[in-house]
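Take a look at the structure set out below.
In what follows, chains carry the letters A, B, and so on, assigned in the order in which the sequence lines appear, proteins first and then strands, with residues in each chain numbered from 1.
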Amino acid sequence: MAEKPQPVEVLYCGVCGLPAEYCEFGSEFEKCKPWLIQNAPDLYPDLLKDANGKDADKVSDQLQSTSISEGSSTSKQEEVKRLPGGKIKKKERQEIVIEKVTRNRRKSITTIKGLDLFGVKLSDASKKLGKKFATGASVVKGPTEKEQIDVQGDISYDIVDFITETWRDVPASAVFFIEDGKKVPAV
Amino acid sequence: MFKKFTTEEVSGQNQVKASVQRRIRQSIAEEYPALEPVLEDLLPKKSPLIVAKCPNHLNLVVVNNVPLFFNIRDGPYMPTLRLLHQYPNIMKKLQVDRGAIKFVLSGANIMCPGLTSPGGALDDEVGAETPVAIMAEGKQHALAIGFTKMSAKDIRAMNKGIGVDNMHYLNDGLWKMERLD
C-alpha cells in the first residue's frame, strides 16, 4: 500500500468561511479584512499596507457612522435591515395568515402562520387555542422552516377575535385569510 | 446545481445496506485511485454510511454527518470541495483565468475561453464527461468541481461555449452545509 497522503490543512476565513485566498471574491470582503490581516497577512500584502496607512482612519470613521445610524433609527428596524448594500433580505412583514385545509371531505384543519412574528410563544399559543376551541392544536413545522400551529376543525369563524383579544399587540388588520389561494384581509 | 441548497432539500436519509456500501466504496476507489490509501479513514467500513437523497436525482454520501461525495443518477461520484481541499491531487485539474473566478463563484458554468487563455491551464488527458477540479489562476485551492462537457482537446479546438459544467463551487449550498444532521 502506498504511503498515506496527509490531508492538506486549508486555511478557511473565520468570517466568511471561504478559503482565505478567495475572500476577495466573497460578498463581504470588507468584513473579512480585519481577520485576514491578523491571520493571513501574506496572502494580501496590499491590505496590510492600507491598514497601516490612512485606511485605518477610514475604517474607524465608518464604524462610527454605522453605529450612529443604527442608534438613530432603531425604531424603524425594517429600514435599517435593508440598508447595507440593499442585499440583505428585508424583514418579514408581521402578519398572521390563517388557512383552512380540508381533509377527509368534511373534516378540516386550520393552520395559523406567523404568530411567532409577534413574539408569541407558539407552544403556549397552541395550548390556549386547544383549550378555547376544545380541539387538538399543535405546533407543526411547516414548509420552509417556519413553524405554524395546526388546529383541528374549522375555527376560522372566531379565531380572529380570539387572536386579537388574547394577544393585544396583534392588530386585526394584520390577520389574513387564504381563500381560494388568495390572501384576503380578515377584517 | 447547489446554488440553492439547504438541509430542507434532503428528502430522505438512509443508512444503506452493506452491499450498496461496498459498491459505493468500490466505485469511488475506481474513480479516484489516489484516494485509496485514505479511503479507509474517510469511509470506515465499520461506521454506517448514509445516503441522503435530494431532488433532481442527487445523492449525497454522508459519513458521520459530513457530506463527502455526491452524484447524480448513476453518474460518477464527486468529492465535495472540503474533501478535495484536503486531498487536492485526487482529481484532474483544469485552471481558469482570474477574470473567470467571480463568475464561477456565482455558479456559472466554465466557458472554454477562460480555460484556454494565458491564465488558464488544460490537462490534455481530460476526456469528455469526467469530473474535474477547477483551479484558479494564482490560487492554491480548488474553487469548483466541474463535469466536462467536451474533452480537453475539443475545448482547445472549439474555444467557444460551455466547456465544463459547474457542479459545486465555493460558497454554494453544499459548501455551506458542513454537517448534515
Tell me whether B:Lys93 at atom NZ has more than 12 heavy atoms from other residues, nucleotides or ligands lying less than 6.0 Å away. yes
Other residues, nucleotides and ligands only: do more than 12 of their heavy atoms fall within 6.0 Å of CZ on A:Phe177? yes
Do B:Phe69 and B:Leu174 sit in one hydrophobic cluster, given that two such residues count as connected whenever their side-chain heavy atoms are within less than 4.5 Å of each other, even indirectly? yes
Please check if the number of heavy atoms outside B:Asp74 that lie under 6.0 Å from its CG is greater than 12. no
Spacing of A:Phe25 atom CZ and B:Asn171 atom CG [to the nearest 0.5 Å]: 13.0 Å
B:Leu35 versus chain A, the contacting section by heavy-atom distance below 4.5 Å: neither
So if I apply the side chain to side chain contact (heavy atoms under 4.5 Å, CB included) rule between A:Pro19 and each of B:Lys139, B:Arg82, B:Gln140, B:His141, which one comes out positive? B:His141
Would you compute the distance between atom CG of B:Leu105 and atom OH of A:Tyr22 and round it to the nearest 0.5 angstrom? 7.0 Å
Around B:Asn64, counting heavy atoms of other residues, nucleotides and ligands shown, do more than 12 lie under 6.0 Å from its CG? no
Hey, can you tell me if B:Trp175 and A:Tyr12 have their rings parallel, tilted or perpendicular (30° and 60° cut-offs)? perpendicular
